[in-house]
There are 2 protein chains.
Amino acid sequence: MTKQSPLELKEPVKLRPDRAAMFKALGEPTRLRIFEFLRSCCCPVSVDDSGDIRPASGPTVGEVCCRITGGERITSTISEHLKELRIAGLITVERRGKNMVCGVNEDAVSSLGKYLLDNSSDSSNNNCCGDKDQLNETE
Amino acid sequence: MTKQSPLELKEPVKLRPDRAAMFKALGEPTRLRIFEFLRSCCCPVSVDDSGDIRPASGPTVGEVCCRITGGERITSTISEHLKELRIAGLITVERRGKNMVCGVNEDAVSSLGKYLLDNSSDSSNNNCCGDKDQLNETE
DNA sequence: AAATTATTTCGCTAAATAACGAAATAAACA
DNA sequence: TGTTTATTTCGTTATTTAGCGAAATAATTT
């Protein structure tokens with residue numbers, strides 16, 4: 001009934017994307033397949049005047065659907081998976097003419113990769129289970 | 001009605017853990033907190049005679065609970081989160097006397113990190129959407 | 001062996017979510 | 001302008017899952 005704001009089609013991408021959301025986005029098999037397809041595919045990246053990163057060319061939503069589902073039709077399921085990956089900050093989806101073109105946000109991906117690698121076997125932060133004095137967190 | 005096998009308490013850890021499961025395990029805020037706590041905490045690792053990796057010392061399940069929930073009691077929730085992290089292959093949980101001691105599976109974590117870093121900005125695999133023959137739309 | 005301590009599994013419920021088709025929206029084209 | 005093409009949003013349903021308390025299991029202590 002009530003129309004929703006036509007001004008902003010897309011929900012804002014998390015500027016400080018929380019890692020749980022990124023991991024969660026990758027934690028669903030279909031989304032991971034989409035992500036891997038995008039990585040194998042839409043590699044060239046151009047940097048905008050304003051410094052924004054955008055894919056120079058990448059698959060359209062329709063092409064992603066075709067690859068993932070094997071069918072010809074665009075499905076809302078894939079669209080919604082792309083949305084979750086985009087909101088998490090892992091991919092970009094932007095209009096180019098009639099189509100929406102997908103790309104990988106390489107910065108976000110490599111930052112997530114570094115997070116996993118960085119303090120692997122790093123004992124510096126070893127404030128282990130002894131000091132449980134003040135645990136109250138105010139989030 | 002049928003009791004389940006008392007012999008093997010634990011479900012087998014995926015030997016070739018699928019990445020979606022690993023990402024999914026990290027994709028829940030509480031589990032990510034647990035994971036980060038374990039990484040900040042139980043760092044020393046020893047390698048077994050048989051080549052198995054095991055934490056030399058790490059927090060017990062009770063200590064993890066204490067840190068994460070702030071309370072004294074061990075909760076089934078944390079236990080189940082630990083189980084999911086363990087099944088995914090990201091952590092180890094093994095009995096030491098009366099306690100279960102947790103550790104990080106550094107190999108799995110760094111392998112996952114490398115997966116994210118490796119073909120970032122790698123255009124070698126560029127079998128892009130062109131070989132689709134029948135995709136109607138090109139710019 | 002019974003009691004204690006530490007932890008996991010079970011059963012439940014409520015909330016999240018994946019899949020789907022239909023309707024809405026957006027750009028391009030006739 | 002209305003129509004077509006491309007995609008997103010909406011509404012629904014079925015499945016999954018996080019959280020919780022109670023019961024079960026396991027090692028230890030008495």
Side-chain angles (χ1 to χ4, degrees), chain A residues 1-11 20-21 24-34 58-66 68-88 91-102 129, chain B residues 1-11 20-21 24-34 58-66 68-88 91-102 129 134-139:
Chain A
M1 293 250 222
T2 53
K3 294 199 173 187
Q4 63 193 37
S5 156
L7 290 180
E8 195 50 64
L9 241 176
K10 313 189 161 198
E11 291 162 42
K24 182 176 163 231
L26 295 173
E28 204 280 331
T30 304
R31 278 195 298 267
L32 189 56
R33 285 183 61 211
I34 294 172
T60 65
V61 172
E63 286 164 337
V64 174
C65 283
C66 186
I68 300 297
T69 72
E72 296 296 309
R73 281 182 35 253
I74 292 174
T75 69
S76 58
T77 296
I78 299 296
S79 173
E80 275 156 350
H81 281 317
L82 287 168
K83 179 178 175 182
E84 179 146 353
L85 288 164
R86 179 174 56 77
I87 298 297
I91 70 170
T92 58
V93 182
E94 57 177 44
R95 186 169 287 279
R96 190 157 311 172
K98 205 159 38 171
N99 300 307
M100 300 295 277
V101 173
C102 306
C129 330
Chain B
M1 42 166 156
T2 53
K3 292 202 174 185
Q4 64 193 36
S5 155
L7 290 179
E8 195 50 61
L9 242 176
K10 312 189 164 197
E11 290 164 43
K24 181 175 164 233
L26 296 174
E28 205 279 330
T30 304
R31 278 196 298 267
L32 189 55
R33 286 183 60 210
I34 293 172
T60 66
V61 171
E63 286 164 336
V64 173
C65 283
C66 187
I68 300 297
T69 72
E72 296 297 310
R73 280 182 38 254
I74 292 174
T75 70
S76 57
T77 296
I78 300 296
S79 174
E80 277 156 351
H81 282 317
L82 288 167
K83 179 178 175 182
E84 179 147 355
L85 288 164
R86 179 174 56 78
I87 298 297
I91 71 170
T92 59
V93 181
E94 57 177 44
R95 186 170 289 280
R96 189 156 310 173
K98 205 161 33 172
N99 301 307
M100 301 294 277
V101 173
C102 306
C129 328
Q134 53 191 355
L135 272 183
N136 23 1
E137 204 279 337
T138 357
E139 179 170 352

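The chains referred to below are lettered A, B, ... by the order of the sequence lines, with proteins before strands, and numbering in each begins at 1.
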Looking at [X], does any N or O in its side chain come under 4.0 Å of the phosphate oxygens OP1/OP2 on [N]?
X       : N      : value
A:Thr77 : C:dA19 : no
A:His81 : C:dT17 : no
A:Ser79 : D:dA6  : no
B:Ser76 : C:dT9  : no
B:Asn99 : C:dT7  : yes

With B:Thr77, which residues qualify under side chain to side chain contact (heavy atoms under 4.5 Å, CB included), at least two apart?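 By the side chain to side chain contact (heavy atoms under 4.5 Å, CB included) rule, B:Thr77 matches B:Thr75, B:His81.
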Test side chain to side chain contact (heavy atoms under 4.5 Å, CB included) applied to B:Ile74 - qualifying residues, sequence neighbours left out: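 Result, side chain to side chain contact (heavy atoms under 4.5 Å, CB included) vs B:Ile74: B:Val61, B:Cys65.
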Return the value, rounded to whole Å, for the distance between atom [atom1] of [X] and atom [atom2] of [N].
X        : N      : atom1 : atom2 : answer
B:Glu94  : C:dA6  : CD    : C1'   : 16 Å
A:Met100 : C:dA28 : CE    : P     : 12 Å
A:Lys98  : D:dT3  : NZ    : P     : 16 Å
A:Glu80  : C:dA18 : CD    : C1'   : 9 Å
B:Glu72  : C:dA6  : CD    : C1'   : 14 Å
A:Ile87  : C:dA18 : CD1   : P     : 14 Å
B:Ile74  : D:dA26 : CD1   : P     : 16 Å
B:Leu85  : D:dA18 : CG    : P     : 11 Å

Taking the side chain of A:Lys83 as its heavy atoms from C-beta onward, which of D:dG19, D:dT8, D:dT9 lies nearest to it?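 My answer, after comparing the listed nucleotides, is D:dT9.
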Indicate the atoms forming the closest heavy-atom contact of B:Val93 with B:Cys102, along with that distance.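 Answer, listing the atom of B:Val93 first, then B:Cys102: CG2-SG, 4.3 Å.
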Heavy-atom pair of closest approach, residues B:Ala21 and B:Ala88: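 Nearest pair, atom of B:Ala21 first, then B:Ala88: O-CB, 3.8 Å.
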Check whether any side-chain heavy atom of B:Arg86 lies under 4.5 Å from a side-chain heavy atom of B:Leu82, and answer yes or no.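 Not touching, per the 4.5 Å side-chain cut-off.
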When rounded to the nearest 0.5 angstrom, what is the spacing between CD1 in B:Ile78 and CD1 in B:Ile34?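 Result: 4.0 Å between the selected atoms.
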Partners of B:Glu84 by salt bridge (charged side-chain N to carboxylate O under 4.0 Å, His left out), sequence neighbours excluded?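 If we apply the salt bridge (charged side-chain N to carboxylate O under 4.0 Å, His left out) test to B:Glu84, skipping adjacent residues, the hits are B:Lys24, B:Arg31.
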Would you mind reading off the bend of the helix from C:dA1-D:dT30 to C:dA30-D:dT1 from its two end axes, five pairs each, to 10 degrees?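 Its terminal axes enclose an angle near 10°.
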Under 3.5 Å, which N/O atoms of the protein pair with N/O atoms of nucleotides 15-17 of chain D?
from: D:dT17; atom 1: OP1; to: B:Lys24; atom 2: NZ; distance (Å): 2.4

